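Written out below as structure tokens is the structure these notes cover.
All values reported here derive from a predicted model rather than from experimental measurement. Order of the sequence lines sets the chain letters (A, B, ...), proteins ahead of strands, with each chain counted from 1.
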There are 2 protein chains.
Amino acid sequence: MLSKGDLIAVLDLIDHAQSVGTEEQFHGLMKMAAQLVPIEKTHVSVARLDAGNAIVGTSRRISIDYPDAWLTHYREQGLIRVDPAARLLFRAERPLIWADLRKRYRKASEQAFYNSAHDFGLDQGFSFGARFMRSASASFFSCAGQELTSHQRHVLVIRYLLPHLHASLSKVHLGLLKQVPALTPREIEVLNWLKFGKTNWEVSIQLNVSERAVKFHVENAMRKLNASNRLQAVAIALSQGLIEWG
Amino acid sequence: MLSKGDLIAVLDLIDHAQSVGTEEQFHGLMKMAAQLVPIEKTHVSVARLDAGNAIVGTSRRISIDYPDAWLTHYREQGLIRVDPAARLLFRAERPLIWADLRKRYRKASEQAFYNSAHDFGLDQGFSFGARFMRSASASFFSCAGQELTSHQRHVLVIRYLLPHLHASLSKVHLGLLKQVPALTPREIEVLNWLKFGKTNWEVSIQLNVSERAVKFHVENAMRKLNASNRLQAVAIALSQGLIEWG
DNA sequence: CGCGCACCTGTCCGACCGGACAGGTCCGGC
DNA sequence: GCCGGACCTGTCCGGTCGGACAGGTGCGCG
């Protein structure tokens, strides 16, 4: 059970996570979390996933005291095929406590994996991963600490916090705040029809103007968005939030 | 200051907000919030915004005991040009407490607006609005209740909760969970080049295959995604998270 | 050993697009 | 009153695309 001070600290950290927008701020956020629960080693990355939630690659790695040697070992030995956490990741909505996994998954290969992790000082800890909205990428948290998951207090705090650390990383990753050129209402209207696969002629009927007029707006939008064709213009407009989802 | 019970209730509601994915679940979430603080009337909608954060239109309205007559009055009289909350909306990250606005904005037209709202029983309450990520839309909350903002406890709870109610509405609006046809790795690869405005010929160089092979994959992707041209295929793939943001 | 599937390649043709040329109206601001 | 911007229209042409025809290899699975 959490004390009142804990509850306030958790709420304030969740509150603070809202305003995180840069990698530096996210780094600070992780350090704040480490003051609340005894996180000693942290490794956060953005994972690209395929349709089956398997990790295709990672980027934007943030490591705080996490043993590089273990990460190298993990990669070189292909331990991702053994690690139970890796299999469950991105499916569970909750942090995966390593101690729980050790109780549940006890095959010989998995036992060897646990022993191997132990050699690198990774006994207590958790993994957390979740897809970013409308993205093939996901967050991937690994945090370890001597007393990190042996107290119910720590586990509760972690369970509360992680979804919001994920949300912060999402904001950082998607780079919410960008300066984009302003499009005229007509240009936006035209792009909104293009995304449905309409041709110049079809849009011209919708807007009750000439086909050339549609072409005119598309050309202007392409120039403003620095796109080399209408497809890229729509892709940029979509990603910048200039036009809506169909 | 919040009691321990309040803190737990707030945290649990924030926790529950994570799992909201449908309009019904969101409706239930709002009702749970109304049990925590004396919200008597609620009106939630999704607002389409232009570049200057002005409301272009609204959709997906959810009203709980909110006076329809007021909404009609508001719209017909164009009170959006008078309402201080409407001006500040989508800029502030925090709920706008009506009582605070009444103290700050005291022009004659605004006083008349307050009196008018009073006639509809809208004295205490707040407005909250925030853009959805990478979208031209935003959430728009209006909640009213007799004792809603006269106690520091209620204001604190509201301040903590609203960002998460917003996040839930965002999930509902963007309709995260969809069943989409699986694309082959090659098809995804090709679409990922198309979004940068590449032509068949340019992609064929990147993939070191013939121009015809690229065309082949694009055709298959279009068929699977039920798109009438490559532009729509990319738009669909982007919106479904099948391919990444450039 | 077929069967399906992913992957790759070719040709043809009508439709569509991108870029260049050219022109016009209407409206708000200096 | 002039200037800039949004908006609209036209023609021409080379390049690209969409859809149809045709074919091929390699791999896993029953």
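- Among the candidates B:Glu93, B:His166, B:His164, the single residue satisfying the side-chain hydrogen bond (donor to acceptor under 3.5 Å, both in side chains) test with A:Gln18 is B:His164.
- The aromatic ring centroids of B:Phe113 and B:Trp70 lie less than 6.0 Å from each other.
- Of the side-chain N and O atoms in A:Thr184, one or more sit less than 4.0 angstrom from OP1 or OP2 of D:dC7.
- Summarising the geometry, the separation between CG on A:Asn229 and P on D:dC17 is reported as 8 Å, rounded to the nearest angstrom.
- Between the CG atom of B:Asn220 and the P atom of C:dC8 there is a distance of 11 Å, rounded to whole Å.
- Contact annotation: the side chain of B:Phe132 approaches that of B:Leu169 to within less than 4.5 Å [non-hydrogen atoms, C-beta and beyond].
- When distances are taken from the side chain of B:Met222 to each of D:dG18, C:dC8, D:dG10, the shortest belongs to D:dG18.
- The separation between A:Phe216 atom CZ and D:dA6 atom P is 8 Å, rounded to whole Å.
- Checked for salt-bridge contact, B:Arg48 and A:Glu244 miss the test: no charged N lies under 4.0 Å from a carboxylate O.
- A donor N or O paired with an acceptor N or O is not found under 3.5 Å between the base of D:dG10 and the side-chain atoms of A:Lys215.
- B:Asn200 has a side-chain polar atom (N or O) that falls below the 4.0 Å cut-off from OP1 or OP2 of D:dC17.
- Listed nucleotides: C:dC7, D:dC17, D:dC7. Nearest to the side chain of B:Arg230: D:dC17.
- Atoms CZ (B:Arg212) and P (D:dC21) sit 12 Å apart, rounded to a whole Å.
- At a threshold of 4.0 angstrom between heavy atoms, the contacts of B:Glu219 include nucleobase atoms, whether or not backbone atoms are also involved.
- For D:dC8, one of the phosphate oxygens OP1 or OP2 lies less than 4.0 angstrom from a side-chain nitrogen or oxygen of A:Arg186.
- Each of D:dG18, D:dG19, D:dA6 was ranked by its minimum atom distance to the side chain of A:Lys224; first place goes to D:dA6.
- The distance between atom CG of B:Leu225 and atom P of D:dG18, rounded to the nearest whole Å, is 13 Å.
- Distance A:Trp201 CH2 to C:dA15 P: 12 Å, rounded to the nearest Å.
- Side-chain proximity of B:Val209 to the nucleotides D:dC21, D:dT9, C:dC8 is greatest for C:dC8.
- Atoms CG (B:Leu194) and C1' (D:dG18) sit 13 Å apart, rounded to a whole Å.
- Dense packing is recorded around CG of B:Asp119, with more than 12 heavy atoms of other residues, nucleotides or ligands lying under 6.0 Å away.
- The separation between A:His217 atom NE2 and D:dC7 atom P is 6 Å, rounded to whole Å.
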